[in-house]
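To start, the structure under review is shown below, and the notes come after it.
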Amino acid sequence: MTRLKDLAPADRTAEQAAIAARLTKTIGGVHGPYSAWIKKPNIAQAMYGLLLCLRDQATMPRRMRMVATLTVIRHWGADYAWGVNMPLAQDAGVPQAVIDAIHEHRTPEFSDTGDAVGYDLASELLTGRELSDTTFAKALELLGEEKLVELVTVVGYFSAVALTVVAFDIKARSA
């Protein structure tokens, strides 16, 4: 169930059809937050571009990115996004114990410094609405400025994903 009516392919504008074709080619269709964002194709295009940048062009470790992603998604209670991203985190090598702890709203025990930094940075930004000097310094030392910008952007992007999924009650894939 979703609060928005799915946009049938025959009802799409040329701009919506173009972004739908790109989404279908890379993520298998217009689903999740894109089923809402496609209503405003320039937003769908911008968010798609950011997804590709974070997924395909980011230089930060994928595993760290996935820990931060799961932390954000769980914070917002976006079950659809959890279902999509949890297997990706497993594929990236995130330990199941870390995934389970995040899912259960517990602080995981980390054996990997990068995982801990990804979790701490996302958690602090989401719960405290700020980043402590200690976590900032750890992240900067581990990642450098460019990768740190990527990590913070992951938190922002997946907050937008999660909030869209929650606001529009998106629970299943659309066409």
Side-chain angles (χ1 to χ4, degrees), residues 2 23 26-37 46-132 134-136 138-144 146-174:
T2 181
L23 290 166
T26 56
I27 65 170
V30 180
H31 48 78
Y34 290 98
S35 64
W37 293 335
M47 296 305 281
Y48 176 67
L50 187 52
L51 169 68
L52 293 180
C53 180
L54 293 172
R55 189 189 73 181
D56 301 337
Q57 300 168 9
T59 57
M60 66 176 290
R62 180 173 177 239
R63 183 168 149 165
M64 180 192 299
R65 183 178 82 231
M66 292 311 305
V67 167
T69 297
L70 292 183
T71 302
V72 171
I73 289 167
R74 197 68 194 133
H75 172 82
W76 293 114
D79 293 335
Y80 169 86
W82 180 271
V84 169
N85 285 281
M86 191 272 297
L88 299 174
Q90 290 172 321
D91 290 345
V94 178
Q96 191 62 48
V98 170
I99 293 170
D100 292 344
I102 292 170
H103 189 259
E104 296 164 5
H105 298 283
R106 293 184 291 109
T107 301
E109 292 184 28
F110 294 103
S111 60
D112 181 88
T113 303
D115 291 354
V117 166
Y119 177 83
D120 289 345
L121 183 138
S123 294
E124 287 181 20
L125 287 173
L126 293 165
T127 60
R129 296 182 299 178
E130 65 183 0
L131 187 58
S132 70
T134 301
T135 300
F136 178 83
K138 281 182 192 175
L140 183 61
E141 181 180 335
L142 182 66
L143 298 170
E146 184 179 306
K147 292 176 188 172
L148 178 54
V149 168
E150 289 175 355
L151 181 57
V152 170
T153 304
V154 164
V155 174
Y157 174 80
F158 281 99
S159 288
V161 165
L163 289 170
T164 300
V165 167
V166 169
F168 296 112
D169 197 27
I170 298 167
K171 296 194 183 326
R173 287 181 174 246
S174 302

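These values consider heavy atoms only, across backbone and side chains, with no hydrogens, waters or symmetry-generated copies.
Note that CG of L140 is 13.5 Å distant from NZ of K138, once rounded to the nearest 0.5 Å. Atom OH of residue Y80 and atom OG of residue S35 lie 7.5 Å apart, to the nearest 0.5 angstrom. Once rounded to the nearest 0.5 Å, the distance linking OH of Y34 with CD1 of I170 reads 11.5 Å. Interatomic distance, CG of L52 versus CE of M47, reported as 12.0 Å (0.5 Å rounding). Going from atom CD of E130 over to atom CD of E124 covers 8.0 Å, rounded to the nearest 0.5 Å. In this structure, the separation between CG on L151 and CG on L131 is 9.0 Å, given to the nearest 0.5 Å.
Under a cut-off of 6.0 angstrom, the local environment of CZ in R129 is sparse, with at most 12 non-hydrogen atoms contributed by other residues, nucleotides or ligands. Heavy atoms from other residues, nucleotides or ligands lying under 6.0 Å from CD of E104 number more than 12. A 6.0 Å sphere centred on CZ of F136 holds no more than 12 heavy atoms belonging to other residues, nucleotides or ligands. Remark: Q96 CD is packed, more than 12 non-hydrogen atoms of other residues, nucleotides or ligands lying under 6.0 Å away.
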Taking it one step at a time, do N85 and Q90 satisfy side chain to side chain contact (heavy atoms under 4.5 Å, CB included)? CA-CA 9 Å; N85 285 281; Q90 290 172 321; over 6 Å; no
Can L51 and I27 be said to form a side chain to side chain contact (heavy atoms under 4.5 Å, CB included), step by step? CA-CA 10 Å; L51 169 68; I27 65 170; 4.1 Å; yes
Starting from the C-alpha separation in whole Å, work towards a yes-or-no answer on side chain to side chain contact (heavy atoms under 4.5 Å, CB included) for W76 and T164. CA-CA 10 Å; W76 293 114; T164 300; over 6 Å; no
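Side-chain contact between W37 and V161 is present, with heavy atoms from C-beta onward closer than 4.5 Å.
Taking the side chain to side chain contact (heavy atoms under 4.5 Å, CB included) definition, one finds that P108 meets it with V98, A101, I102, F110, Y119, sequence neighbours left out.
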Show every donor-acceptor pair shorter than 3.5 Å between a side-chain atom in residues 60-73 and any protein atom, with sequence neighbours excluded, or say none if there are none.
from	atom 1	to	atom 2	distance (Å)
R62	NH2	L88	O	3.4
R63	NE	D115	OD1	3.1
R63	NE	D115	OD2	2.8
R63	NH1	G93	O	3.2
R63	NH2	D115	OD2	2.8
R65	NH1	L54	O	3.4
T69	OG1	R65	O	2.8
T71	OG1	V67	O	2.7

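Of all heavy-atom pairs between H105 and R74, the closest is CE1-O, 3.4 Å.
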